[in-house]
Amino acid sequence: MSRLYLHCGLCGRKQADGLLSRGYWGHVELGGGQALNACPTCKQEHMDWESRLRASAPGAGPVDAGGFGTTVYGIGQSTA
């Protein structure tokens, strides 16, 4: 049974799975029949989308994803 939606592993976007839409999405095979997808927007905005997808895979461990997934706790301006 095929999946009903393609789900972007980078931004969370969902789109109905179909022959036309599937061709625009990026796919990274993880082995064991598992694959991660990247939407066309993320593919265009992130030249390293494949490594970012691999880093987001469950059990990938700490991987430098070029700043992806980092948390900013606060931004302030120095008045000194």
Side-chain angles (χ1 to χ4, degrees):
M1 177 178 239
S2 66
R3 290 176 266 189
L4 299 176
Y5 291 96
L6 294 169
H7 184 260
C8 182
L10 299 176
C11 72
R13 174 182 173 187
K14 290 184 180 180
Q15 182 174 330
D17 190 4
L19 292 176
L20 294 176
S21 62
R22 182 180 292 260
Y24 293 107
W25 283 60
H27 309 282
V28 173
E29 297 294 327
L30 298 176
Q34 295 181 333
L36 292 175
N37 302 307
C39 71
T41 303
C42 286
K43 279 180 56 179
Q44 184 176 7
E45 289 181 3
H46 307 291
M47 297 306 289
D48 61 341
W49 64 269
E50 290 179 2
S51 62
R52 289 177 181 232
L53 273 180
R54 290 189 205 305
S56 71
V63 176
D64 180 15
F68 178 74
T70 59
T71 303
V72 176
Y73 291 102
I75 299 175
Q77 182 177 5
S78 175
T79 57

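A quick note: this is a predicted structure, and the numbers were derived from the prediction, not measured. For this chain, numbers begin at 1 and follow the sequence in order.
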**Q** Can you sort out the partners of H7 under side-chain hydrogen bond (donor to acceptor under 3.5 Å, both in side chains), two or more places apart, ordered by chain and number?
**A** none
**Q** Determine, stepwise, if the pair L6 / D17 fulfils side chain to side chain contact (heavy atoms under 4.5 Å, CB included).
**A** CA-CA 5 Å; L6 294 169; D17 190 4; 4.0 Å; yes
**Q** Nearest 0.5 Å please: distance from the NE2 atom of H27 over to the CG atom of L53.
**A**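 Reported value, rounded in 0.5 Å steps: 10.5 Å.
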**Q** What is the distance from atom NZ of K43 to atom CG of L10, rounded to the nearest 0.5 Å?
**A** 11.5 Å
**Q** Do you know which two heavy atoms are closest between C8 and A38, and how far apart they sit?
**A**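 Smallest heavy-atom distance, with atoms named: SG-CA, 3.9 Å.
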**Q** So, using side chain to side chain contact (heavy atoms under 4.5 Å, CB included) as the criterion, who are the partners of Q15 when residues are at least two apart?
**A** R13, S21, W25
**Q** Between atom SG of C39 and atom CH2 of W49, what is the distance when rounded to the nearest 0.5 Å?
**A** 10.5 Å
**Q** Do the side chains of L36 and S56 get nearer than 4.5 Å, heavy atoms only?
**A** yes
